[in-house]
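Data first, discussion second: the structure below is written as C-alpha cells.
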There are 2 protein chains.
Amino acid sequence: MENPSSSNIEEVQQECYDEWMSLQAKRMTDLKRALANGEKNDGALRELIQSVIEDFKDYARKRSEHSRRYSSNYFAPTWNTCLENALLWMGGCRPSSFIRLVYAMCGSQTELRLTNFFRDNIGGLSMALGETPGRVDGAGESMSDLTAEQLFKINELHMKTVQEENMLTKQSATLQEDTADMPIAVAAFHKERIGEADVEVERALDKYEDEMARMLAEADKLRLTTLTKIVEILTAVQAADFLLAGKKLHLSMHEWGRERERRLLEACGDDSGGEFSGG
Amino acid sequence: MENPSSSNIEEVQQECYDEWMSLQAKRMTDLKRALANGEKNDGALRELIQSVIEDFKDYARKRSEHSRRYSSNYFAPTWNTCLENALLWMGGCRPSSFIRLVYAMCGSQTELRLTNFFRDNIGGLSMALGETPGRVDGAGESMSDLTAEQLFKINELHMKTVQEENMLTKQSATLQEDTADMPIAVAAFHKERIGEADVEVERALDKYEDEMARMLAEADKLRLTTLTKIVEILTAVQAADFLLAGKKLHLSMHEWGRERERRLLEACGDDSGGEFSGG
C-alpha cells in the first residue's frame, strides 16, 4: 500500500518527502497553537514534542527503506531547491545547526528583552523579572531564559555533535575517493566505448550506494539523537519554541530557495555579477 | 557574445558545462591518438598536456564568473546525474581523488604486468624488462613504471592535498551552520507567513552564495594545483595516460549515472530492497 507497484522509486521517495513537508507544516501549526494558548500543562506539551520527534524517527525509517541501492537521490534530491542542496550535509541539515539554532534563538530573545527593557521602563521591567506576556507578542521568548546549566549542557552537546559530524564527513570522503580507484577507474580506462556496461563497475556502484545509504541512516540517527538531547535539556516551552523555530526555518528555506530560483531563471547571463536585492 | 542576454544564468551555466564535456571528449581522443602513435616527442606531448591543464583553468575561470551570487547551482547541478551529485565535493571531484587515480592506475598496471609475466614467459619477460608493446594493447602501461621517488612525491602531495581539502570542508561547514543563525533563523521564526520576503534574509543569502562562490573558486584552485603538480611529477607519457584516465573516468561516470537513473525510473517502489545487477 505504501509502495504501490505503479510508482517508481523516485516517485515513492518524492511522495515520502511531500508527506514529510506537509506533516511539518501541520506540526508547526500544532506547536504554535499550543504555545499561543500558553499551554501550561507540561504533560500535554511534552506529548506533542514527543510526537514531533517520533515524526522524524518515522521519516528517517522510511528514507532508510527507500534508499537501499538507490541512495544517490538523497544526496541532492530533485525536490529540493538548489539553495537547499547547497546547504545539504548527508541528505539533510547538519546536526550541529540545531544547536546553532538554540544559540540564535537565545541570543535574539535576550537582545529583544534588553531592548524592550530600555525602551519601556515598566513593561520592560516586568518582562525582565520573568512575567510572561501574551505568546503572540512574545513568541520564542522562553529561549532567553536558558540557565547557565542548560547552556553548559548545550555546549557539551555541540562539541560532541561536531566530532561525530566530522567522523561521518571523513567516512563519506573515503567512500567518494574510492570511486576513483579500482575497479571503477580502471574499468573506465580500459573500455573502448564510454559508458559501456560492466558487471564489476555495477557491483562497485551498487556497493557505493549501499554504503551511502548506511551513511544516510547514520546521519539521520545523529540528527535524531541531537534533536532528542536538545529537547531533554530544554523545558517543555523552550523545546516547543525550538522545534517551532526549526520547522519554520526548514519550510522558509524551501520557499526562499524557490523564490531565488525563480529570479535565477529570470536573470540574464550578463547580470551574473549584478545585484538584485538592492543589498 | 559569451553571455547572450536572451539566456538566463542557468542556461549560461549549463552551456558552459556542455562545452566542457565536449572539450573533454575531444581531449580524450587527442590524448589517445598521441599515446597510440607512441608519441616519442616529449615536447609535443607536453604541449598537449599543457593545453589540457589550460582547459581546466579556463573552465574554472568561466564557472567563477557565472557563479557570483548564483553559486548554489554548482553544488548539485541539474545537469549532473544524481550519482555524480552524490560524489560531488565543492562543485567537483575531490582533488585527492586525482591521486587515488594515480595509485589505481599504477597498481592495476603493475598487476597486469606481473600476470602477463607469469602467463607468457617470453613476452612477459620482455615486458618486465621494460620493452614497450604496442600502445593499443598496453594502454596505461607507463603507470607501472612509477619510480620510488615519484611515489614518494605523490604521497607527499596526497597528504598536503587532503589537509587543504579538510580545511575547505571545515570552512563550508561553518558557512552552512551560519544559515541556522541570525538573521535567517530568527527572521524565519518571526514571519507570520512562511516564505514572506525579507530584505535582511535576502542580503544574508546573497552573502552566503557569494561566500560559496569564493569556496568554489578555492576548490577549483586546489583541483588545478593538484592536477598541475601530479603532471609535473610524472613523465610526459605517464601524465598523458593519467589525464586520459581522468577524462575517461569523468565521462564514464556521467554515462553510468544516466544508466542507473534510467533503471531507477523503471524500478518499482517495492523493489527498493532488491538486486538488479545480479551482483
Taking [options] one by one, which has the highest count of heavy-atom pairs under 4.5 Å against chain A?
options	value
B:Leu87, B:Leu249, B:Leu101	B:Leu87
B:Leu175, B:Ile99, B:Leu251	B:Leu251
B:Lys191, B:Met253, B:Glu84	B:Met253
B:Gly246, B:Ser108, B:Gly91	B:Ser108
B:Pro77, B:Pro183, B:Ala104	B:Ala104

With a 4.5 Å cut-off on heavy-atom pairs, point out which of [options] contacts chain B the most.
options	value
A:Ala197, A:Ala188, A:Ala187, A:Cys93	A:Ala188
A:Ala25, A:Ala185, A:Cys82	A:Cys82
A:Ser172, A:Ser252, A:Gly257	A:Ser252
A:Ile184, A:Thr169, A:Asn85	A:Ile184

With a 4.5 Å cut-off on side-chain heavy atoms, are [Y] and [X] touching?
X	Y	answer
A:Lys170	B:Val162	no
A:Asp241	B:Phe189	yes
A:Glu261	B:Glu10	no
B:Asp178	A:Arg100	yes

Distance check, rounded to the nearest 0.5 Å: B:Gln24 atom CD versus A:Ile194 atom CD1?
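Rounded to the nearest 0.5 Å, the CD-CD1 separation comes to 10.0 Å.
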
Between OG on residue A:Ser72 and CG on residue B:Asn80, distance to nearest 0.5 Å:
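Answer rounded to 0.5 Å: 11.5 Å.
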
If I measure from the heavy atoms of chain A, does [X] come under 4.5 Å with its side chain, its backbone, both, or neither?
X	result
B:Met182	both
B:Val201	side chain
B:Lys247	neither
B:Tyr208	side chain

Using a 3.5 Å distance criterion without hydrogens, assess whether the side chain of A:Gln176 forms a donor-acceptor pair with backbone atoms of B:Leu88.
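Yes; judged by distance alone, with no hydrogens or angles, the pair exists.
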
Can any side-chain N or O of B:Trp256 pair as donor or acceptor with the backbone N or O of A:Glu196 at less than 3.5 Å?
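Here the side-chain-to-backbone pair exists.
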
Could you tell me whether [X] and [Y] have a side-chain N and a carboxylate O separated by less than 4.0 Å?
X	Y	value
A:Arg193	B:Glu255	no
A:Arg263	B:Glu202	yes
A:Glu192	B:Lys248	no

Can a side-chain donor-acceptor contact be found between B:Ser97 and A:Glu177 if the only test is distance below 3.5 angstrom?
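No - no donor-acceptor pair under 3.5 Å links their side chains.
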
To check you understand the geometry: which heavy-atom pair defines the closest contact between B:Ala76 and A:Ala76, and what is its length?
CB-CB, 3.5 Å

Please say which of B:Thr179, B:Asn73, B:Leu205 ends up in a side chain to side chain contact (heavy atoms under 4.5 Å, CB included) with A:Leu83.
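Only one of B:Thr179, B:Asn73, B:Leu205 forms a side chain to side chain contact (heavy atoms under 4.5 Å, CB included) with A:Leu83, namely B:Leu205.
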
Tell me, side chain or backbone of A:Ala173 under 4.5 Å from chain B's heavy atoms, or both, or neither?
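Looking at A:Ala173, backbone and side chain both touch chain B.
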
Audit row: B:Asn8, A:Glu266, side chain to side chain contact (heavy atoms under 4.5 Å, CB included) steps and yes/no:
CA-CA 6 Å; B:Asn8 67 43; A:Glu266 278 170 9; over 6 Å; no

